[in-house]
Amino acid sequence: MELRLDGKVALITGASKGIGKAIAAAYAGSGARVMISSRKAEALEGAAKEMPGEVAWFAANAGDPEATGACVAATVERFGAVDILVNNAATNPYMGPTLGISESQADKTVQVNLRGAVTVTRQCWEASMKDRGGVIVNIASAGGLGVDRGVIGYYNATKAALLHLTRQLAAELAPGVRVNAIAPGLVKTDMARALWEANEPLIAKRMPLGRLGEPEDIAQAAVFLASDAASWITGATLVIDGGLLLGAG
């Protein structure tokens, strides 16, 4: 079954590389008009050139309300609406035991991973979705559903909060806006490189499906959740982790 997003406008944060870039390309390939956003203009411009269809870009730090507000306004000005929002932007400035995180590192993690998602969602709601409805897809993490052994515990805590935020907003914004989350497992992105690069064969061997994830694995699920095929799904979390949470191995 081919899933189409023709006539829809999508805004994707953290979309210059990795999972966000793959989602943007998949949306554009499915017929959506797409605005991609992240902090660096040069990376966005290069990413947009690699994608099919009508793709624009706007440089904005997802943790800066003024910048994201300008991005949402630019999206509406360019395309007339925001029908789909993907809250993908995230940061992880600290790796180590949870109690070792500094206040500034903790604040930055919450600022982007949680507060930023709330802010951009509110801005899209006020600018477009309140009147015409829409779809929100939050990119969380399978780590938000389990316990980490002292490496990215605080990051995972913000992703667990994002999963609850997904349910909360699904209840508050229904029936006009559907809100769902994807919880990826270990995906081969630059952001997660320190977690997989040195031990990829060993990690893959421990996973039931025998391999790490690719950004495209997440992108196809994001197309489904944004499409009419998922019109009766809201407040849900789709775990895409190659079976890692099963605990096999």
Side-chain angles (χ1 to χ4, degrees), residues 12-21 23 37-40 60-65 67-68 85-122 136-170 179-200 202-203 206-207 212-213 215 217-218 222 235-242 244-247:
I12 300 147
T13 67
S16 63
K17 58 184 179 180
I19 289 173
K21 180 181 177 182
I23 292 173
S37 180
S38 69
R39 292 183 297 113
K40 298 180 180 180
N61 184 333
D64 180 345
T68 57
L85 168 64
V86 179
N87 284 309
N88 173 70
T91 190
N92 185 33
Y94 169 79
M95 296 181 68
T98 302
L99 296 185
I101 194 169
S102 69
E103 290 186 5
S104 62
Q105 290 168 330
D107 288 346
K108 182 177 180 180
T109 309
V110 172
Q111 179 185 15
V112 176
N113 297 4
L114 184 62
R115 195 174 76 201
V118 173
T119 298
V120 180
T121 298
R122 180 176 63 248
I136 297 167
V137 180
N138 293 323
I139 307 301
S141 172
L145 296 167
V147 176
D148 177 78
R149 296 185 182 276
V151 179
I152 53 172
Y154 195 85
Y155 169 87
N156 286 342
T158 65
K159 291 300 188 175
L162 184 60
L163 293 175
H164 184 75
L165 178 69
T166 297
R167 296 188 292 270
Q168 187 67 39
L169 290 176
V179 188
N180 293 294
I182 296 175
L186 189 52
V187 178
K188 294 172 65 175
T189 65
D190 287 342
M191 182 177 178
R193 186 174 297 277
L195 299 176
W196 61 265
E197 189 171 43
N199 297 302
E200 181 179 353
L202 177 61
I203 296 170
R206 295 171 57 191
M207 302 178 72
L212 276 65
D217 293 317
I218 312 306
T237 295
L238 180 56
V239 178
I240 307 176
D241 70 345
L244 184 63
L245 289 184
L246 297 174

Practice prompt. Measure the spacing between CD1 of I12 and NZ of K21 and express it to the nearest 0.5 Å.
Written response: 13.0 Å

Worksheet item: Got a second to check how far N156's CG is from L162's CG, nearest 0.5 Å?
Response: 12.0 Å

Item to complete: Could you give me the CA-CA distance, side-chain angles and deciding distance for I182 and I240, then say whether side-chain contact (heavy atoms from CB on, under 4.5 Å) is met?
Response: CA-CA 7 Å; I182 296 175; I240 307 176; 3.8 Å; yes

Discussion item. Take a 6.0 Å sphere around CG of L99 and say whether it holds more than 12 heavy atoms from other residues, nucleotides or ligands.
Written reply: no

Worksheet, complete the sentence: Separation between CG (N138) and NE2 (H164), nearest 0.5 Å, reads 12.5 Å

Worksheet item: For A89, does its backbone N or O pair with a side-chain atom of T13 as donor and acceptor, under 3.5 Å?
Response: yes

Discussion item. Between I19 and T189, is there a side-chain heavy-atom distance shorter than 4.5 Å?
Written reply: yes

Worksheet item: Would a 4.5 Å heavy-atom cut-off, applied to side chains only, mark Q105 and K108 as touching?
Response: no

Practice prompt. Could you check V137 against N180 for side-chain contact (heavy atoms from CB on, under 4.5 Å), going step by step and ending with a plain yes or no?
Written response: CA-CA 5 Å; V137 180; N180 293 294; 5.6 Å; no

Discussion item. Using every non-hydrogen atom in the two residues, find where V112 and A62 come nearest and quote the distance to one decimal.
Written reply: CG1-CB, 4.4 Å

Worksheet item: So how far is it from K188 NZ to D217 CG, rounded to the nearest 0.5 Å?
Response: 11.0 Å

Worksheet entry | Check: D241 side chain, L244 main-chain N or O, donor-acceptor pair, under 3.5 Å | yes

Item to complete: Hey, could you give me the CG/NZ distance between N61 and K40, rounded to the nearest 0.5 Å?
Response: 11.5 Å

Worksheet, complete the sentence: Heavy atoms of A140 and L163 approach each other most closely as CB-CD2, 3.4 Å

Discussion item. Rounded at 0.5 Å granularity, tell me how far CZ in R122 sits from CG in L169.
Written reply: 11.0 Å

Worksheet item: Do side-chain atoms of K159 reach the backbone of L145 as a donor and acceptor pair under 3.5 angstrom?
Response: no

Discussion item. Give me the atom names and distance for the closest heavy-atom approach of P184 to I139.
Written reply: CG-CG2, 4.0 Å

Worksheet entry | Contact summary for Y154 and T98, nearest pair of heavy atoms | N-OG1, 4.0 Å

Fill in: N113 vs Y155 side-chain heavy atoms within contact, under 4.5 Å
yes

Worksheet, complete the sentence: All heavy atoms of A60 vs all of T68, minimum pair found to be CB-N, 4.3 Å

Discussion item. Walk me through whether L85 and T121 qualify under side-chain contact (heavy atoms from CB on, under 4.5 Å).
Written reply: CA-CA 7 Å; L85 168 64; T121 298; 3.7 Å; yes

